[in-house]
Amino acid sequence: MSFIESLESRTFLAADPSPFEARINFQHPNTPDVAAGYRSDVGGTYNRRPNGLTYGWNDSHNDDARQRNSGESPDQRYDTFNHMYSGDWWAIAVPNGRYVVRLVAGDPDNVDSDYKIEVEGKRIIDGKPRNADPWVEGAVEVVVTDGTIGMVSAAGAENNKVAYIEIRRMLPGDPTITWTDDAAPAARIGRSETGVIQVGRRLFVMGGYIDGDYNVTRSMDVFNLQTQTWSQTTPLPNDAPQTHMGLATDGTYIYMVSGQLGGGFGPGTAKTWKYDIGNATWERWVDLPQIQSAGALAYLDGALYYVGGVAADRATPLADHWAISTRSRNPRWEPRATLPEAGDHLSRAVIDGKIYAIGGEHGHAGIDFNPPSTHIQHKFLFQYDPATDVWTRKPDLPIASSHNEGTTLVVGSKIFSLAGMIGLNRHTASVRVYDTLTEEWSILPDLPDARVEAAAGLWGGRVFFTAGYSPKLNFATESYLGTISYV
């Protein structure tokens with residue numbers, strides 16, 4: 001960590017297989033009680049603490065600590081914070097090893113920030129707070145070889161405020177998942193080919209086919225992953241796509257790009273929309289240059305990237321790749337390096353400043369098309385670097401698959417790829433995991449049933465899985481909870 005190379009002493013430099021966990025609450029010196037299970041940081045410089053840990057700031061931050069005493073704060077961790085300015089760093093001494101780091105930033109009384117924070121060179125938080133939810137959080141996995149984990153204010157940040165950090169060492173072993181349907185709230189309606197996007201603790205599920213006649217819905221349901229409750233919000237506009245859309249979020253808006261209009265094998269559209277999360281309103285945005293349904297949309301550092309999909313004929317797979325700034329006063333789509341293999345219904349993930357394009361297929365059409373659907377599955381995994389505009393092929397998927405856009409999750413530095421299609425009229429319940437650090441795939445315990453185009457979200461180490469089409473359950477409303485652990 002270059003920003004603390006000048007420190008004269010380090011602790012825990014030797015490799016150590018023992019567990020290590022630290023929970024630090026950034027709070028005002030006069031805050032009376034530390035949240036249960038947490039140590040306090042009141043802005044002192046990096047040094048050994050009476051609690052036995054070594055941590056702190058590059059210089060004194062005592063005058064920058066705050067406590068709001070706000071009724072909007074769920075608990076003290078969310079009510080207190082410390083400012084992190086340009087050039088600031090905070091660090092903690094830890095045993096060498098592999099860690100999961102979770103960070104929450106925010107201020108219950110103000111949303112005048114653009115949070116951008118890095119841990120060990122990885123972007124852990126990149127988002128703007130909202131009145132409805134003034135906290136932004138993120139998690140990354142890091143490998144420590146120098147005995148410290150460091151956090152810095154990243155370029156472009158405005159008014160960073162760190163609330164609390166949780167650091168847990170991952171002991172040697174692989175992740176596993178345990179599934180249960182106990183107390184997993186059912187979806188309000190069964191739907192497939194639906195749009196799915198998680199924003200903080202909320203999982204938005206919109207549109208989709210609702211029956212075997214390919215009728216569609218414009219409804220938009222929201223699942224609170226923390227309280228495990230469903231609600232409804234503003235439905236999709238009349239002329240917005242109901243299926244096959246690309247979705248991404250910057251924390252303030254949900255962007256919807258291209259997709260398919262109406263039921264059956266309806267026409268594609270190049271229209272683009274954005275949903276104001278705080279005000280629950282839809283508005284038109286900058287149209288894509290062409291119809292490109294069933295592509296993958298990703299948000300990274302103030303820009304949207306849309307890649308792949310199927311042409312207006314609903315049969316020709318595309319490799320076209322477009323990017324657009326969400327911050328420009330005159331945003332427009334610009335071409336980027338094409339995907340090495342054309343495909344539709346591919347998934348995407350964003351980790352450590354890179355975009356991953358996962359799986360996909362070609363042969364997407366209808367039964368009345370000539371030739372008819374074949375759904376040839378892809379096993380490709382490609383990594384895109386926006387800084388160089390270059391795609392790099394990574395290890396192939398263990399199972400060629402598609403149609404799991406809404407059930408592809410980022411868990412630290414891993415990509416969890418749940419369920420999906422593995423061939424014409426063939427569905428899977430498998431859970432595939434790609435580790436971006438080791439560049440290896442693994443297989444976890446199956447879901448209770450196979451599904452395509454379902455919805456999934458992650459909160460507190462648990463996966464919530466719902467909806468989608470199941471050969472056993474038809475257009476399913478049944479939900480499952482999966483608890484992630486390491487063995």
Side-chain angles (χ1 to χ4, degrees), residues 1-26 39 41 45-47 53-59 61 82 84-105 115-127 136-157 160-172 175 300-301 349-356 383 385-387 410-415 434-440 461 486:
M1 301 186 334
S2 61
F3 50 89
I4 56 171
E5 287 300 329
S6 61
L7 292 176
E8 295 181 356
S9 62
R10 303 280 185 91
T11 56
F12 304 120
L13 288 178
D16 181 354
S18 61
F20 179 91
E21 185 171 1
R23 300 177 180 181
I24 309 294
N25 191 55
F26 297 94
R39 277 101 165 181
D41 183 296
T45 57
Y46 184 88
N47 212 334
L53 297 180
T54 298
Y55 57 84
W57 296 83
N58 54 307
D59 55 25
H61 276 54
N82 206 313
M84 174 175 270
Y85 303 108
S86 176
D88 281 347
W89 59 258
W90 181 90
I92 183 170
V94 299
N96 288 338
R98 188 169 176 174
Y99 287 81
V100 176
V101 181
R102 175 173 175 258
L103 178 66
V104 175
Y115 297 123
K116 297 182 184 298
I117 301 172
E118 293 182 353
V119 169
E120 290 294 294
K122 294 187 174 185
R123 187 65 59 90
I124 189 171
I125 286 181
D126 190 344
V136 179
E137 71 173 77
V140 294
E141 287 182 21
V142 298
V143 175
V144 175
T145 59
D146 63 358
T148 47
I149 290 175
M151 172 173 64
V152 299
S153 180
N160 273 334
K161 303 172 182 179
V162 291
Y164 67 91
I165 190 169
E166 299 175 338
I167 300 165
R168 178 176 60 84
R169 188 178 186 190
M170 298 169 57
L171 297 181
L300 177 61
D301 290 341
V350 179
I351 298 177
D352 195 21
K354 306 295 191 299
I355 298 170
Y356 292 82
Q383 181 198 73
D385 186 346
V410 172
V411 184
S413 60
K414 295 182 175 64
I415 300 170
Y434 179 71
D435 188 325
T436 61
L437 298 180
T438 63
E439 298 194 341
E440 295 178 343
Y486 292 84

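Screening I167, T148, V101 for a side chain to side chain contact (heavy atoms under 4.5 Å, CB included) with I92, the sole residue that qualifies is I167.
Counting only distance, with no hydrogens or angles, the side chain of N160 and the backbone of Y85 share no donor-acceptor pair below 3.5 Å. Side-chain atoms of S413 never come within 3.5 Å of backbone atoms of T436 as a donor-acceptor pair (strictly under, hydrogens ignored). Without hydrogens or angle criteria, N58 side chain to W89 main chain gives a donor-acceptor distance under 3.5 Å. With hydrogens and angles ignored, the 3.5 Å screen pairs a side-chain donor or acceptor of N82 with a backbone N or O of H61.
In this structure, NZ on K116 lies 6.0 Å from CG on D301, to the nearest 0.5 angstrom. We find the CG-CG distance between L53 and D41 to be 11.0 Å, quoted to the nearest 0.5 Å. In this structure, the separation between CZ on R168 and CZ on R23 is 9.5 Å, given to the nearest 0.5 Å. Distance check: E166 CD to N25 CG gives 10.0 Å after rounding to the nearest 0.5 Å. One distance of note links CG of D59 with OG1 of T45; it measures 8.5 Å at 0.5 Å rounding.
Annotation for M151 and I165: closest pair SD-CD1, 4.3 Å, computed over non-hydrogen atoms. Taking every heavy atom of both residues into account, E118 and A154 meet most closely at CG-CB, 3.8 Å. The two residues E120 and V142 come nearest to each other via the heavy atoms CB-CG1, 3.8 Å. Minimum heavy-atom separation, P386 to I355: CG-CD1, 4.4 Å. Shortest non-hydrogen contact noted between K414 and P175 is CE-CG, 3.8 Å. The minimum heavy-atom distance linking V140 with R123 is given by the pair CG1-O, 3.7 Å.
Partners of D352 according to the side-chain hydrogen bond (donor to acceptor under 3.5 Å, both in side chains) rule, which considers only residues two or more places apart in sequence or in another chain, do not exist here.
Side-chain contact check for Y356 versus V410: every heavy-atom pair is 4.5 Å or farther apart. Side-chain atoms of M84 and W57, non-hydrogen and from C-beta on, do get closer than 4.5 Å to each other.
Ring orientation note: the planes of Y55 and W90 are tilted relative to one another, at an angle of 30° to 60°.
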For E440 and Y434: C-alpha separation, side-chain torsions, deciding distance, then whether side chain to side chain contact (heavy atoms under 4.5 Å, CB included) applies. CA-CA 6 Å; E440 295 178 343; Y434 179 71; 6.0 Å; no

